[in-house]
Amino acid sequence: MIPARPPVPTRDIASVLAALTREEKVAMVQGSDFWHLAGVERLGIPSVMVSDGPHGLRQQSQEADHLGVNDAREAVCFPTGAASASSFDPELMRRLGETIGREAQARDLAVVLGPAINIKRSPLCGRNFEYLSEDPYLSSTLAAAYIEGVQKHNVGTSPKHFVANNQETRRMTSSSNIDERALREIYLASFERAVEQAAPWTIMSSYNRVNGTYVGESRELLTGILRDVWGFSGVVVSDWGAVSERVASLKAGLDLEMPASGEATNERLLAAMESGELDERDLDTACRRILELIFRYVDNRETDAVFDPQADHVLARQFAAESIVLLDNPDNVLPLEPDSAIAFIGEFATSPRFQGGGSSHISTSNVTSAVAAAAEAGLNVTYARGYDLEADEPIASLVEEAVATARAADVAVVFAGLPDSYESEGYDRRHLDLPRAHNELIAAVAAVQPRTVVVLHNGSPVSMPWRNDVAGIVEAYLGGEAIGGAVVDILTGAVNPSGRLAETFPLRIEDTPAYLTFGRASDDVSYNEGVFVGYRYYASIGRDVLFPFGHGLSYTTFEVDDLTVSAREMGEDDEIEVSVRVTNTGERAGKEVVQLYVASAPSSLPRPVRELRGFDKVELAAGASARVHFRLSRRAFAHWDTATHDWAVEGGTYGIEICANAHTPLLRTDVAVTASGGAPLAIDRHTRLGDLLEIPSYRLEIDAFFADKKRGLFGNAAIESEAISHEMIEAMMLDMPLRQLASFNDEVGCDEIDTLIARLRAI
Ligand code: BGC
């Protein structure tokens with residue numbers, strides 16, 4: 001992929017840079033306060049402001065504290081990352097980005113700090129509500145669209161937190177100890193496409209260490225991979241307070257320290273230049289990038305951009321409705337009958353949980369509850385509080401009232417989920433459970449009302465002990481300020497649900513791949529599960545889950561057929577085009593997410609049974625069909641090769657699968673892919689005979705070498721006996737290193753083995 005480049009400012013940055021003194025330059029590589037980049041008045045370099053996103057603007061006043069104690073200016077709260085990713089819709093992400101970019105222009109904000117795209121390694125990460133997915137392809141594709149949307153308005157983004165910041169426990173000191181393959185295939189890959197395709201103006205380096213080195217001091221990550229390989233040309237900004245040693249971080253490629261850390265840091269940088277520890281050219285490079293960012297923004301202001309909270313609230317409702325996932329609806333209790341008597345139960349029906357705590361917290365007073373939206377839609381709704389949001393334990397009188405309300409209605413909708421204290425930036429969850437008050441309320445209501453639907457507000461997967469006792473489950477996530485309206489749109493069928501889970505809902509926390517190592521009381525976090533993150537693990541070992549990655553229902557039905565590929569064989573420079581027909585076989589218009597996975601060929605490596613390599617969301621009228629097209633490059637079949645430190649493809653027959661979700665293939669066709677990349681087999685006395693014989697040219701040479709030997713390759717061992725079967729002889733020989741041929745073949749001595757090695761090496 002040719003990396004995209006942000007627009008270059010028209011101004012002559014080189015001469016601005018040349019006019020700066022050393023003192024001004026060191027002052028420029030840290031913020032001037034909590035939210036501003038330092039300007040230089042004397043040279044007309046303005047100080048621009050950045051603001052948290054990702055799902056709206058958190059523009060704080062001067063007395064800022066990023067923990068959110070000081071209120072930010074009112075803004076529109078859009079669906080959080082967990083919700084919007086469930087749209088499986090890059091176009092929605094682009095529109096979300098465009099909306100936020102326009103708002104940022106109207107509020108004079110140069111950079112929106114997002115999207116947040118760390119991989120959901122465990123469902124317990126307290127910040128999963130901000131993150132997009134457990135799958136890097138989905139995460140990176142959606143992030144790229146969001147970034148392009150924001151930056152279309154000449155406002156920068158800051159994909160964060162680069163990289164492997166997958167837990168909140170000890171987030172400022174922990175070391176994510178990851179093997180090279182998992183780092184590349186999973187954790188870096190979540191950023192890779194977003195950076196290459198969308199060219200974010202900045203990227204935020206995370207607090208944590210990776211394999212012992214703070215990311216902010218890792219030249220390999222910040223310069224080697226990010227810039228040299230991916231072509232990133234913007235500003236690397238530290239997460240707030242993530243700089244450990246400023247000199248080391250500047251040398252590694254961390255351009256901008258945020259927030260301001262004070263004069264002492266400037267002194268250190270000046271001293272480091274004096275002593276020769278720091279090359280002034282490194283400082284210049286960082287300043288140039290910061291100047292480019294500042295002028296890219298100020299020279300391209302959209303002075304006519306408007307911030308219209310009411311209009312954007314309407315968009316927030318649309319985005320939320322497109323993101324809601326219908327998890328279960330076995331008897332088609334949804335959509336609700338228009339004239340039915342509906343009981344809304346649970347405090348979340350009047351005060352939905354629509355966002356999470358921490359730096360992404362948006363200040364808004366324009367929150368639509370489901371009760372208010374239902375009233376506006378003219379629904380016949382009664383309400384019972386059901387639980388006290390502050391209390392974990394059930395309150396008998398509230399449950400009784402809820403049961404009576406449910407019994408008197410035709411259908412009950414229980415609004416349940418995780419209270420604020422259960423998940424937040426800053427700490428991780430301890431378990432998957434809802435408060436007991438919510439679980440018991442659902443059980444009590446379902447016991448008297450067979451038509452009970454549960455609507456969930458949570459930022460990450462929860463357990464559902466009542467799953468088989470209810471008639472419907474709607475995952476509304478933390479869907480932003482208009483979520484109540486969106487939920488009513490889904491319940492009534494005004495919007496046909498089309499969300500898909502961007503993460504697996506496991507049955508038990510003990511089933512999760514990172515269970516043994518996640519969030520322990522140690523700074524060293526072993527990512528022992530390697531590449532087997534999320535569905536890559538569950539699907540590969542055939543583990544049952546509550547709801548799989550990619551799952552989501554609709555009020556209509558779809559069928560896929562006629563899967564075609566442009567070629568049955570894929571050579572080294574080829575791409576494969578895949579196409580499939582999708583038909584809406586039901587009675588109402590709807591959107592289907594067609595998911596393409598590649599199933600690995602038999603491999604010498606442990607590889608996931610399938611991996612998402614394409615998806616597309618298509619809208620179809622009842623009875624309509626469309627063809628969906630995908631283009632697969634070699635990368636879709638590749639793994640990270642730790643011998644060559646590069647992508648490689650193993651030769652073999654790969655499956656192209658169209659799946660309903662990560663566990664359920666619907667159609668499959670095979671493609672023979674030739675090998676490329678990877679290290680050639682090292683040939684020495686320790687090379688295994690079986691490995692050589694698998695490669696045709698070596699096999700021929702070995703056959704030729706043994707042609708004049710009486711007993712051939714297998715030598716003395718070729719004699720079968722009662723104790724030694726032919727199968728055993730063969731297995732032994734294939735496992736034998738070349739040096740051992742001397743022990744088992746009278747006709748081959750050490751010298752001849754050396755000759756054979758030389759002949760094989762000469763091929
Ligand atoms: C968070 C970032 C955020 C920054 C500024 C940090 O604590 O990790 O995501 O952008 O604060 O609020």
Side-chain angles (χ1 to χ4, degrees), residues 30-37 48-73 75 77 80-82 100 104 107 109-120 125-132 139 143 146-147 150 155-174 176 190-191 194 200-209 214-216 234-244 254-261 355-363 423-428 459 478:
Q30 63 165 288
S32 63
D33 60 23
F34 220 86
W35 298 112
H36 288 86
L37 274 59
V48 298
M49 187 174 193
V50 303
S51 154
D52 263 316
H55 46 264
L57 303 178
R58 189 175 70 103
Q59 185 177 12
Q60 278 196 302
S61 63
Q62 209 52 31
E63 305 79 52
D65 72 293
H66 77 297
L67 298 178
V69 183
N70 285 325
D71 268 349
R73 205 167 156 193
C77 180
T80 59
I100 291 173
R107 292 253 165 116
L109 296 168
V111 177
V112 176
L113 303 173
I117 52 176
N118 291 107
I119 287 290
K120 301 185 193 212
C125 173
R127 250 184 131 167
N128 275 1
F129 70 88
E130 271 187 76
Y131 299 146
L132 301 182
S139 176
Y146 172 98
I147 293 166
V150 174
V155 167
T157 54
S158 199
K160 63 190 186 182
H161 311 85
F162 184 78
V163 62
N165 179 184
N166 310 100
Q167 62 178 48
E168 291 300 281
T169 307
R170 298 172 171 249
R171 68 170 163 159
M172 299 195 181
T173 49
S174 66
S176 304
S190 187
F191 288 85
W201 290 14
T202 83
I203 193 164
M204 189 186 290
S205 68
S206 55
Y207 289 120
N208 55 289
R209 293 178 280 180
Y214 279 109
V215 174
V235 171
V236 175
V237 52
S238 71
D239 197 347
W240 266 231
V243 169
S244 162
L254 194 155
D255 306 299
L256 175 63
E257 176 181 17
M258 288 300 284
S261 67
Q355 64 174 332
S359 59
S360 67
H361 197 271
I362 310 290
S363 173
E423 60 185 343
S424 167
E425 177 177 341
Y427 56 92
D428 293 317
L478 308 184

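Heads up: numbering here begins at 1 and tracks the sequence. The model shown is predicted, which means the values in this text are computed figures rather than measured ones. In listed order, ligands and their atoms are each counted from 1.
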Check whether any heavy atom of Arg171 sits under 4.0 Å from an atom of ligand 1. yes
Would you tell me whether Tyr131 and His161 have side-chain atoms, one donor and one acceptor, within less than 3.5 Å of each other? yes
I'd like to check which ligand 1 atoms, numbered from 1 as shown, lie under 4.0 Å from a non-hydrogen atom of Glu425. 1 (C), 6 (C), 7 (O), 8 (O)
Does only the side chain of His361 get under 4.0 Å from ligand 1, or the backbone, or both, or neither? Count heavy atoms. neither
Answer yes or no: is there a side-chain heavy-atom contact under 4.5 Å between Trp35 and Gln60? yes
Without hydrogens or angle criteria, can the side chains of Arg127 and Ser359 be said to hold a donor-acceptor pair below 3.5 Å? yes
Relative to each other, are the rings of Phe34 and Trp240 parallel, tilted or perpendicular (30° and 60° limits)? tilted
Suppose I only count heavy atoms of Arg58 and a 4.0 Å limit; which atoms of ligand 1 are within that range? 12 (O)
Say whether Met204 and ligand 1 are in contact under the criterion: heavy-atom distance to a ligand atom below 4.0 Å. yes
In terms of atom number and element, which parts of ligand 1 are under 4.0 angstrom from non-hydrogen atoms of Lys160? 2 (C), 3 (C), 9 (O), 10 (O)
Can a salt bridge be assigned to the pair Asp428 and Arg170 using a cut-off of 4.0 Å between side-chain N and carboxylate O? no
Part of His161 with heavy atoms under 4.0 Å of ligand 1, whether side chain, backbone, both or neither: side chain
Between Trp35 and ligand 1, is there a nitrogen or oxygen pair with a distance under 3.5 Å? no
For residues Ser205 and Leu254, report the shortest heavy-atom separation together with the two atoms involved. OG-CD1, 3.3 Å
